[in-house]
Protein chains: 2
Amino acid sequence: MLRISKLTDYGTMILVHLAVHQGRLHSASDVAAGTRLALPTVQKLLKLLARSDLVRSVRGAEGGYVLARGPGSISAADILDVLEGPLSITECSTSDSRCELEDGCPVGGAWQKINRGIRGALGEITLADLAHPPREFPLVDLSGRTGRIRQRIPTS
Amino acid sequence: MLRISKLTDYGTMILVHLAVHQGRLHSASDVAAGTRLALPTVQKLLKLLARSDLVRSVRGAEGGYVLARGPGSISAADILDVLEGPLSITECSTSDSRCELEDGCPVGGAWQKINRGIRGALGEITLADLAHPPREFPLVDLSGRTGRIRQRIPTS
DNA sequence: CCATACTGGACTAAGATAGTCCCATATAGA
DNA sequence: TCTATATGGGACTATCTTAGTCCAGTATGG
Ligand code: FES
Ligand code: FES
């Protein structure tokens, strides 16, 4: 349940790799070697990531990829948006395929609130956290209303 | 991202229906009519639910389905467990197909913590809440450590 | 008995996912 | 200029999952 795809997991590994070895360009081959992922998969994911504003690319010989922003300003929600698309927790609540049952369905609204809560939570977890997981993740409000951090245990 | 399947959504609608009209048996046809879902789908889902400890069934003429427990003691996590299986947020962290990369992968642990946090959150939301969504869902701790409610705005 | 209703599972069509491969384009350096 | 090294864009396929339907079996009340 609530599964993220393998590709998203791989993509996150790649981002973590870029975060840990910052300051220089990395070719797809480098990243594949560093993460032990298959090269074609890494190429595909880096292309995807480069199209977003998370990763920048330089073409040509001696080219490669870098993080476009600091690991502290890339959230798990950002990553999921890029790699899984702007999907919602329920099929019903996507923009185009709105559920024909939605009127009579009391549940849709609740799922959407839960979804917003989870997204809010993921928005507070940064790539830096993922690269060096803190013992505690921040407290998060599922209401989607006040949606604020209550407490954060210092990283490291 | 983090999508639950249509069937899970439907199943939840069915459970809500049973929760709202408690105290008597409901045949699959009744539920289909009440929820406006297709009969075969409802039959399939009720069979599934009856195999769990969320719904009880009575066979034969005048038979049907009832909630096995009060709506207040059925959580969203319970529902997802039954309808989506005991899956994890990452493919890697399932019991059988453990990721061969896990050793070198710093991300796996973090996803699993996030997963536990989300599950904890869903464990605090009951079927009663879904049937009559409160304006605010409870505060939840994503750490998976202390995993406790901090504050709960009264339902209704 | 028989109509009603659950039980178990088979089955299919459609869609999503994972993974590979190819060709075009850009650039640094010999 | 030529060439090796990169990324960019996308096609393509095999496999798995999902959604939905259907049927033969079993229990039970009247
Ligand atoms: S089934 Fe579509 S909103 Fe619930
Ligand atoms: S890729 Fe399997 S644990 Fe991260």
Side-chain angles (χ1 to χ4, degrees), chain A residues 1-11 13-14 18 24-33 35-52 55-66 68 80 83-85 87-88 90-92 94 96-97 99-101, chain B residues 1-14 18 24-33 35-52 55-66 68 80 83-85 87 90-92 94 96-97 99-101:
Chain A
M1 71 140 209
L2 293 177
R3 158 168 304 181
I4 62 172
S5 73
K6 269 188 185 178
L7 287 180
T8 300
D9 193 9
Y10 297 160
M13 289 178 66
I14 292 172
L18 292 181
R24 65 174 185 277
L25 287 174
H26 296 268
S27 72
S29 318
D30 286 351
V31 174
T35 56
R36 297 164 162 258
L37 294 169
L39 177 56
T41 302
V42 170
Q43 290 172 323
K44 180 186 201 169
L45 285 167
L46 279 171
K47 278 186 280 190
L48 244 179
L49 290 167
R51 250 181 283 189
S52 76
V55 167
R56 256 200 299 263
S57 64
V58 177
R59 302 182 67 168
E62 303 294 304
Y65 299 92
V66 236
L80 291 172
L83 295 175
E84 308 247 316
L87 306 180
S88 190
T90 48
E91 182 100 349
C92 304
T94 56
D96 41 329
S97 79
C99 176
E100 67 273 17
L101 302 163
Chain B
M1 71 138 211
L2 292 179
R3 158 168 305 181
I4 62 172
S5 73
K6 268 189 186 178
L7 287 180
T8 300
D9 193 9
Y10 297 159
T12 308
M13 290 178 66
I14 292 173
L18 292 179
R24 65 175 185 278
L25 288 172
H26 296 269
S27 72
S29 318
D30 286 352
V31 174
T35 56
R36 298 164 161 254
L37 295 170
L39 178 56
T41 302
V42 171
Q43 290 172 323
K44 180 185 202 169
L45 285 167
L46 280 170
K47 278 187 280 191
L48 244 179
L49 290 167
R51 249 181 284 189
S52 76
V55 166
R56 257 201 298 264
S57 63
V58 177
R59 302 180 68 167
E62 301 296 303
Y65 298 93
V66 235
L80 291 172
L83 295 176
E84 307 247 316
L87 305 181
T90 48
E91 181 101 348
C92 304
T94 57
D96 41 331
S97 80
C99 176
E100 67 273 18
L101 302 164

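The sequence lines fix the lettering, A, B, ..., with proteins before strands; numbering per chain opens at 1.
Of the listed nucleotides (D/dG20, C/dA18, C/dT7), C/dA18 has the atom at the smallest distance from the side chain of A/K6. When the nucleotides D/dT7, D/dG10, C/dA18 are ranked by their closest atom to the side chain of A/A28, D/dT7 comes out on top.
Looking only at distances, a side-chain donor or acceptor of A/T35 sits under 3.5 Å from a matching main-chain atom of A/V31. Of the possible donor and acceptor atoms, none in the side chain of A/E84 sits under 3.5 Å from a partner among the backbone N and O of A/I4.
Place A/A61 and A/K44 on DNA chain D by their nearest nucleotides, and A/A61 ends up nearer the 5' end. Between B/A50 and A/V58, the one whose closest nucleotide on DNA chain C sits nearer the 5' end is B/A50.
Here C/dT25 presents its P atom at 18 Å from CD of A/Q43, a figure rounded to the nearest Å. The interatomic distance linking B/L83 (CG) with D/dG20 (P) rounds to 14 Å, in whole Å. If you take CG of B/L45 and P of C/dG8, they are 15 Å apart, rounded to a whole angstrom. The CZ-P distance, from B/R56 to D/dA27, rounds to 20 Å in whole Å. The distance between atom CG of A/L7 and atom P of D/dT15, rounded to the nearest whole Å, is 17 Å. Atom CG of A/L49 and atom P of D/dG9 are 13 Å apart (whole Å). What separates CG of B/L48 from P of C/dG8 is a distance of 10 Å, to the nearest Å. At whole-Å resolution of the value, NE2 in A/H26 and P in D/dT7 are 11 Å apart.
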Run B/V55 and B/V66 through side-chain contact (heavy atoms from CB on, under 4.5 Å) and show every step you take. CA-CA 6 Å; B/V55 166; B/V66 235; over 6 Å; no
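A distance of 13.5 Å separates NZ of B/K44 from CG of B/L37, quoted to the nearest 0.5 Å. In this structure, the separation between CG on B/D30 and CG on B/L46 is 10.5 Å, given to the nearest 0.5 Å.
Phosphate contact (OP1/OP2 of D/dT17, side-chain N/O of B/S5, threshold under 4.0 Å): absent. Between B/T41 and D/dT21 there is a side-chain polar atom (N or O) within less than 4.0 angstrom of OP1 or OP2. Between A/S27 and D/dT5 there is no side-chain N or O to OP1 or OP2 distance below 4.0 Å. In terms of phosphate contacts, A/S57 brings a side-chain nitrogen or oxygen within less than 4.0 Å of OP1 or OP2 of D/dG8. Contact annotation: A/R51 side-chain N/O to D/dT7 OP1/OP2 distance is not under 4.0 Å. When the side-chain nitrogen and oxygen atoms of A/Y65 are compared with OP1 and OP2 of D/dG8, one or more of them lie within a distance under 4.0 Å.
Taking 3.5 Å as the limit, the base of C/dT25 and the side chain of A/R59 contain a donor-acceptor pair of atoms between them. Counting distance only, with no hydrogens placed and no angle test, the side-chain atoms of B/K47 and the base atoms of C/dG9 include a donor-acceptor pair under 3.5 Å.
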